[in-house]
Structures are given as C-alpha cells and as structure tokens.
Novice: 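Structure incoming, see below.
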Amino acid sequence: MASNVDYRAIARDGLWKSNPGLVQILGLCPLLATSNSAVNGLGLGIATLLTLVISNGSISLIRNWVRQDIRIPVFVLVIASVVTAIELSMNAYFHDLYLILGIFIPLIVTNCIITARAESFASKNPLLPSLVDGFMMGLGLLLVMVALGMIRELLGHGTVFANAHLMLGDLGHQLNITVFDHYHDFLLAILPPGAFIGLGLLIALKNTIDSKMAGRKTVAVAREATPTPGTSAA
Amino acid sequence: MKLNTPTSPFIHAPITVTGVMMRVILALIPGVAAYVWFFGYGIAVNMVLAALTAVISEAVILRLRQRPLRPYLTDCSALLTALLLALAIPPIVPWWVPVIGTLFAIVIAKHLYGGLGYNPFNPAMIGYVVLLVSFPVEMTSWIPINTFSEHSLNLFESIRFSLFGQLPAGVTIDAITSATPLDTLKMHLAQGNTVSEIRAQLGLDEETSRLLSVIPIFGAIGGKGWEWVSGGFLIGGLWLLYLRIISWHIPVAMLGAMALLTGLFSLINPGHYAPPLFHLFSGAVMLGAFFIATDPVTAAASPRGRLVYGAGIGVLAFVIRAWGGYPDSIAFAVLLMNMLVPLIDQHLRPRVFGHDR
C-alpha cells in the first residue's frame, strides 16, 4: 500500500487544491501579521515549512506507539520541541530577522495547520508521504506568505525584498529591488487592513482561476462528447 | 355628498434613485458654496477629480461585473459618494489623494460587496478612513480661512498644486496650512488651558488679531468659517427633510445625543469640555448628520432602529472627540455604527400588524 502513494495528489493538495493559506485558511495569524514585507513572509514561511516537515516526519514515525486518547498532547509536545529548536537556531544564525519576526516564531506552535497535518495526515501515513505532505503544505503556505508580502511591500513602500540581506547576507543586497523611486508610502498596505484586503483579493483570484479552469474543462468534455458535424460528415 | 374615491392600483409619485441622488447633490450646494467662499477653490478641484474617478471606475467595474452600464451610471450614486468624500478631505492635497480614496470607495467598499444596495459600510467614509490611515500628513494639512492665511490660492494655483505639487513662488506649504479648530482645541486642552481661555486667545476680532498677528480660529459659535460651512449643510439637510428624502430620525437622534452629552459635560466641567453649539457647528457634524449617516443603504431600516443608530453615532462621535486620538470622528462613528446595523435591524423590527411581537 505504501508503494502506490499518489505523491502528485499530495503536491496538488498542498500547493493548490487545499492550500493552507488560500483554501483551508489555517494559520491566519502569522499569515496576516508577518506578511508586511516579502522577506518577513519568506522568513516565517521557511520556519513554518521546516516545522511542518520535521513534525510530520517525527509524528509519522511514532504514530504506532502513541495511544489514541493522548495523541494530541503528544503531537503538541513534538511540535513545541521542533519550534523551540528552530527558534533557537534562527536566533543564532539570523539574529536580525529573528528580532523582526519576534513573537511569531514561537507562535508557530499554535499554528493550526501544523496540528491539522499531524492529526489528519502524519498520524495515519508512513514516513515518506508524511514528509512530502509536510513539505508541500509548508511550501503552499510559504508561497502565499511571500506573494502577500510582496504585494503589501510593493504597494506600501514601493520595494520588493528590502532587508533581504538579513536572511541571505550579501546576496540579499542585490535582491533588494526598488520598483518605484521616490515612492510615497501607502500605509494601509503595511498596516493590518492591508493584510486582510490583500488575502481576500488573493483568495478571490484563486477562485476565479479555479472557476475559469472548471469552465474550460466542461467545454472540452462537451466538445469531445458531441462530434462536430464537420468531422462526422468526413 | 359624492366622494370621488378611485379604486386601486394607485399611481404614486415617481421617486427614482436618480431623483433622490440628484436632490441630495443639490442640497450640498449651500455648504459647498460656503466652503469655497471661506477656504478657496481647492475643494472644487477635489470634487471634480473625485467625480471623474468615480464615474470612470464605476464604468470599468460594472463592465468587469458584466452589469448594464446605463442604469447604474445614471443613478448618480457613485457621483454622490465621490462628492461626499471630496468634502471630507482637506482642500489642498495632491491629486492622487481624492483619486485613491474614490477608487477605494467605489471598487472595494461598494462593488466588491455587491454594488449599490448591498454595501454594509458607507463607501465615502471607507474611502476617507483609508486616506486618513494611509496618508496622515496630507490628510491633516487643513488650511485657515481665506482672509487670514498669508496667501490663499486662486483657482489656477489650486489646480497647479493638485496636479503638479507646485505652489506659487515664495509660498511654502506650511504658510498656507494650519490646524482645524477642533485640532487646535484638542492641542490646547492637552496643554492644560481651559476652553474659555483658548477661545478668548484665538477667537479675536479681525483688528486685534492683525495687530497681534494671531490667526483667529474660533468664531461666534464654532470654528471661524467652519460655522458657516456647517450652517450651509444644515440648510441643505433641512431642505432634504422638507422634501422627505431623508427622515428626521437619524439627524435628530445624532445631533440630540451629541448636544445632550456635550451639554452635560460642559455643565460639569466647562473648562475642559466645549459647549454643545461649538461641537455641533465644528468639523463634519452637520455634513455627517444630514448627508452621511442618512445613507439609506448603510443606515438602520426601521424608525426606532434609526433613532438608535443616529444616537449611537452621536455618542461615539463625542466620545472620540473628547477622549480619542483624532480631533474629529464622524467617519469612525458612522463606520462603527454601520457594523451594528444588522443587529439593530434584527432587534428593533417593527411589529407586524396582527402579531404581538
């Protein structure tokens, strides 16, 4: 059974079909709070992604030894230890970014998407699919956070990936793009309302794309089902 | 005696949305005239910019939503939203301030919620709050009344500043802007002065103020100039009441609640709280009471609900003015009460004939 796991379905779920940020809308608090710039979104996104992969992996390994009635506290303990380890390493290696993200790194523990994946996927599946699921879900959330962060930063300050050197060192200085010179700050995009409006628009965009795709698919199916008069005559 | 009673169906006076909106726009004329007279042409420039943006963005979003253009564009609701927004922002601002505010009001606050009749929040006030939060510097650069500023801009200079940000030679933005009466009051109260001291110092007649080179900010009732603008909106509002385009409930409840609270507090501590008439004739109270809070879409529906809704706006406006961070508060008060409208409508439904409750 483990051999015929549909990894493409897992990837499609995490990245698009049940994207944690746009469809499940789990982990709203960090998503809204730290997406005020692309770098903040990327930093917290990577931290969440790592947490998801490691916690999914460990929970999948211990899933057969944990008693059903106390599984949630055990999951939370595992997740908390992973987050603590990640928090300490961020403090050590990316100290400036750690200071900017502040309370939101330890708060990854309470991010619903991590407990949700542990409970609904890792506790029922073997190691490799769980790792892939954690990675894909984390990547889905990370992409939404970076996209929202880029939109808000662009509208708010006219830059993209400012402060990237906090994460990437000297390479980050080249990544820092000023799109509009002499840009007049648009504070709303940076402040919390910008997060809500921006996420709402992203969700709307995703749903529009979905309905367009569904429309195209039904048209294609209808075309295949009814042979066009020209071809039947030929 | 023969009673000539026709049978139903009856034809009633055709009051269309366009008719209502046009009359409300006409009712703005006295207030706008006073505004232009005292504060120059900047406000007219803003109104034109906002109106153009509103019509264009309304047309574009109607096309995107695949709605018919003609009935929605000619109902003038977008135009009214734009004009109310333009009246709320300072007269001298760069062109993109009214444009961004109107875009936000029409596209996000109105059409993303379903268009006219479906928006839960007053679009003009959403646009205003977005601007106030986003551009605090531009949105607090008010100007003193014409006769007392060192240089008042004429129409051409107002347009040039709006579009290109250029002021006439030798004039700086600091020279033509000053705090509003409500702002001044708040600032001086924070410094420990009493209301009567502040009004005596800054409410001098023209001769003495020229001699002392102090800009008089306070007039006989409210802020100098502002009291006339408020009076203009009051006249327009009374005309709307006379035409029965708006009902008396919201303005009376809102002004009554404000008068009651300000009266009570200025009786208890006249040094720290300005009297009722000052509050009613300063800032956006009259505009808010007759033109903004009475928006039929976002206000409560039943008469009793409207009383609660209006009184809520009055109370919140006073609370924010007296103890809040902003000098004026009508926009926030209206939006906060907009949120409560579904609750008010639910609990104060009129009794259906034949039912107890």
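None of these values were measured; they are calculated from a predicted model. Residue numbers start from 1 in every chain, and the chains themselves are labelled A, B, ... in the order their sequence lines are given, proteins ahead of strands. These numbers come from the heavy atoms of this one structure, side chains and all, not from hydrogens, waters or symmetry mates.
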Novice: Flag yes if more than 12 heavy atoms outside B:Tyr72 fall under 6.0 Å of its OH atom; otherwise flag no.
Specialist: no
Novice: Just wondering, are more than 12 heavy atoms of other shown residues or ligands nearer than 6.0 Å to OH in B:Tyr113?
Specialist: no
Novice: Which region of B:Leu112, side chain (C-beta onward) or backbone (N, CA, C, O), has a non-hydrogen atom less than 4.5 Å from a non-hydrogen atom of chain A, or is it both or neither?
Specialist: side chain
Novice: Has the side chain of B:Ser134 got a donor or acceptor atom that lies under 3.5 Å from a matching backbone atom of A:Leu188?
Specialist: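 Flag set: sc B:Ser134 to bb A:Leu188 pair under 3.5 Å.
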Novice: Looking only at heavy atoms, what is the nearest atom pair of B:Phe135 and A:Asp185, with distance?
Specialist: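 The answer is CE2-O, 3.5 Å.
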Novice: Which bit of A:Ile197 is near chain B, if near means a heavy-atom gap under 4.5 Å: side chain, backbone, both or neither?
Specialist: side chain
Novice: Does a side-chain heavy-atom distance below 4.5 Å link A:Pro193 with B:Val133?
Specialist: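 Side-chain contact under 4.5 Å: no.
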Novice: Please check if the number of heavy atoms outside B:Trp95 that lie under 6.0 Å from its CH2 is greater than 12.
Specialist: no
Novice: Heavy-atom count around B:Phe121 CZ within 6.0 Å, excluding the residue itself: above 12?
Specialist: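 More than 12 within 6.0 Å, yes.
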Novice: Does B:Arg65 CZ have over 12 foreign heavy atoms under 6.0 Å away?
Specialist: yes
Novice: With only heavy atoms counted, which part of B:Pro136 is less than 4.5 Å from chain A, the side chain, the backbone, both or neither?
Specialist: side chain
